[in-house]
Amino acid sequence: MQDTQDQGAQGGYVPSAVEAAAQRYWNETRAFEVREDSTRPKYYCLSMLPYPSGALHMGHVRNYTIGDVISRFQRQQGKNVLQPMGWDAFGLPAENAAIKNNTAPAKWTYKNIEHMREQFKRMGFAYDWTREVTTCRPEYYRWEQQMFTRLMKKGLVYRKNSVVNWDPVDQTVLANEQVIDGKGWRSGAVVEKREIPQWFLKITAYAQELLDGLDTLPGWPDAVKTMQRNWLGRSEGLEIQFDVDGEAEPLSVFTTRPDTLMGVSYVAVAAEHPIAIKAAASNPGLAEFIASCRAGGVSEAELETQEKRGYFTGVEATHPLTGEKVPVWVANFVLMGYGTGAVMAVPGHDERDWEFAQKYSLPIKMVVVDRTVVDAIAELRRDLAAGDGADPVNLALGGGSTDAYQANAAVEVVKAFEAAVQDTGAYTEHGFLFNSGEFDGLEFRAAFDAIAAKLESMGRGQRRVNWRIRDWGVSRQRYWGCPIPVIYCPTCEAVPVPEDQLPVVLPEDVAFSGVQSPIKADPEWRKTTCPKCGGAAERETDTFDTFMESSWYYARYTSPDANAQVDERANYWLPVDQYIGGIEHAILHLLYFRFYHKLLRDEGLVGSDEPATNLLCQGMVIADTYFRKEADGSSTWFNPDDVEVQRDERARIVGAVLRSDGKPVEIGGVEKMSKSKNNGVDPQLMIGKYGADTVRLFSMFAAPPDQSLEWNEAGVEGMSRFLKRLWRDVSSHAEAGATQAVDVASLDAGQKTLRRQLHETIQKVTDDVGRRQSFNTAIAALMELSNALAKFDDASPQGRAVRQEALAAIVKLINPFTPHVSHALWQVLGHGETLVEDAGWPAVDQSALVRDSLTLAVQVNGKLRATIEVPAAASKEEAEAMARAEPNVARLLEGQTVRKVIVVPGKIVNIVAG
RNA sequence: GCCGAAAUGGCGGAACUGGUAGACGCGACGGACUCAAAAUCCGUUUCUGGCGACAGAGUGUCGGUUCGAUUCCGACUUUCGGCACCA
């Protein structure tokens, strides 16, 4: 007897059984495989594809649960939803694992993919697995090679030298993350900069379009758009030529502040600049300085934070306007790859130039003052200016004084300004020119134009738009990546591999030691013939940046079996309606993604200008860290699972001890889950303990999607309790038998109130999930409704009918979050085994939302003093009268004069008195 | 260094368009059930004072706008993300 009961609807919630049953049903019915269907609105929901690192981590769980919630929600809205999944399978970790475990990167990668695919299935994500993409497969990367060769023919690809991190001991190129404190991670040797030839994609040719396109993306977060705008870094300025002693060619510099030209006190060039190298030939000190600039890595963060150092070349340049000589310095913060590799320095009006001038005792000349200086001088000269119609600003700063006393006073004002500014560094604001000869008195814009015009007429300068963004370097000196489809011929030079010879396949069954790429080491692989002249030639052995694969996978999902990069199906699905991924991709990946879409468009492969209309960037998953300092100064990190937290009587944390020995450990704060801090929580363990639905629900409930999420197992238990309660509520209701339809006309007050809350909840959850993407508050609203339902003690036929309506709505509303539970409970509510996604979404009954009365807050002088119930139809005057009649309000108003009353209907009455 | 975010009870968070700060969950405390425990259920829970009605304080810090500011503006502090070869 007892057994039968346990297995019945009353038997309680067993996540593993519920989840296996639902997943079996989805699998057998191929529920989430989709096709193009012109009769239904499409919805393409895409989560960034994962790197197959070995096992699912909490960051994945969060990212992919968000995508699944949105996908299932949209399917319930009747959309034809595409939600695909694939693997960003090339990359550095496979090489590292290969060295460590002595396996081939390919084997390791494929094993990881198998394992992670099973884990994804266990989470119940509604993917169309028939569209799975694996970027390390030749059938994927051949199209990327084809695109590259086409771009070569279009002139959008070129080869030039650029700097890499070079480990002089291991004789290898290092990634930025492999450079730690300027040293190689394995060898410990000081890393050097080295120039090697590399392939570049001309993203700068699309810079303006990438910038303008941001204005067409209202569905992207402002933070991402701002970061991209700043990264593109459009600036309008002037390229100015300085003659250099002993050089035939003038030195070009770019500046956005030509108004400060008269304040130039030196010119600085990069260590690799031809002028510097030439000067160093006869100057050992300079040669040594240039050599010292080679130490250290190439990352911008490292370059920008290193000490600013310089060395005089001994060469002088000529100021294009004054003809004065200015020294040419080499500076380690000027980079050959940025702009012209040379800058004009105005220490009076640029902080970095100011620091440099201070350090090397170079002259500082101020040529811009602010409005207060102009006003002060204008004041002194007012008597003179009045009547003769002269511009007081020009007169004050440059017009020449006819009165010695006033001229001296003006000089004092300027001196005081200079002194005040020099205390804190350069004056970098726009202002009015002085000390600038014929340009004195002009304001920024006018000065810019006047100086530009003058230099242009002299042939010494050109107006130019400069971009911060540099072309995309796609060459990597690594094995585990897509081979760059180029052949080097001694006579024909670099030739693209003909399309009928693609793909250039990367051999997968290789021995990999880590020192050299197997395809670089194998002369046989390199050997080929020139497609142009048929002579002996060699293949390129560099591989692509892995951002190349992740820049177009979204398009391949639409036509995974096409005998082309994509086919016409792309235009049914694209653009992506919702893209979801980490904020860490805000610039690089998302810019390359937008760029590549325009390349596809210009190849005639897609019709849209942007790849994704809406973007959601989710926060990180973080957890507490605990550690002990060891005798040697290193730290040992303990998993939060092994630590017990101690609290005082107010439940504030006062310490923590290790469970195994009871001795204290230090609390290290909350950080991103990582192996190094040992604070990772394994999703697999959590799924085993609580089930996938609980894990999904917690990861959506604990924080808004765009903020960081703190993992907390007690919170997970709370979610589990909620699902058990829901299960019990639905089961016991269903056990009591079928219900009649709700008769809206004959509801009592309690039934009406519950029904109002039900429809308010439907409204809120629809808005929270559909528009606001505020999943945590949607879940909270469902919990509130379910709490109200628990207190709704009404077993009458009408009461049971209302309860049936509410429970059915909850099961549908919670389905995007906990699809397995909904799948089971939908059957318990008497619907047979069907797809809840196709059962639709509850509709709001507007008539159920009507209220008879409203609660208003009553403030006196902005402080809350009472709340009042007013009829929904009450006028402002009636609300004010009721507020004044409230005893606590009347008491406070006694003897006071009411100066103002603000009534916001439905919200507040504020009485200002005093 | 530069660019972009964030900061609210003991904790995670809510307050959507400037209108009752603390929804929902966790934890803690009290109670019910139980021989007992677990599970479950009910109640209390921002801080200070007060038996209470109530009063005072309070959204990182300092200042401003407003009848009214977690919300808008200015300055600052701390933490996090990115900085072109981690993905």
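The chains referred to below are lettered A, B, ... by the order of the sequence lines, with proteins before strands, and numbering in each begins at 1. Here the structure is a predicted model, which means the values were calculated and not measured. Only this structure's heavy atoms are used, side chains among them; waters, hydrogens and symmetry mates stay out.
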Each nucleotide in nucleotides 71-78 of chain B should get exactly one letter: B, S or -. Can you fill that in based on protein heavy atoms under 4.0 Å?
--------
Nucleotide-resolved protein contact map, nucleotides 49-59 of chain B, B/S/- at heavy-atom distance under 4.0 Å
-----SSSS--
Would you indicate which nucleotide in [options] comes nearest to any side-chain atom of [X]?
{"X": "Trp231(A)", "options": "rC83(B), rA14(B), rC85(B)", "value": "rC83(B)"}
{"X": "Arg478(A)", "options": "rC85(B), rA84(B), rC67(B)", "value": "rC85(B)"}
{"X": "Met620(A)", "options": "rA23(B), rC67(B), rC80(B)", "value": "rC80(B)"}
{"X": "Phe701(A)", "options": "rG25(B), rC67(B), rG4(B)", "value": "rG25(B)"}
{"X": "Met227(A)", "options": "rG82(B), rC85(B), rG81(B)", "value": "rG81(B)"}

Is any side-chain N or O of Asn230(A) under 3.5 Å from a base N or O of rC3(B), one able to act as donor and the other as acceptor?
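Such a pair does not exist between side chain and base.
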Taking N and O atoms by type only, does the side chain of Arg899(A) place a donor or acceptor under 3.5 Å from a partner on the base of rC67(B)?
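Result: no qualifying N/O pair found.
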Would you kindly say whether Gln228(A) and Trp220(A) are connected by a side-chain donor-acceptor distance under 3.5 Å?
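No.
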Would you call rG9(B) syn or anti, using the 90° rule around 0?
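Here the answer is syn: the torsion falls within 90° of 0.
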Full working for salt bridge (Lys or Arg N to Asp or Glu O under 4.0 Å) between Glu300(A) and Arg468(A)
CA-CA 12 Å; Glu300(A) 188 184 275; Arg468(A) 203 186 85 91; 3.3 Å; yes
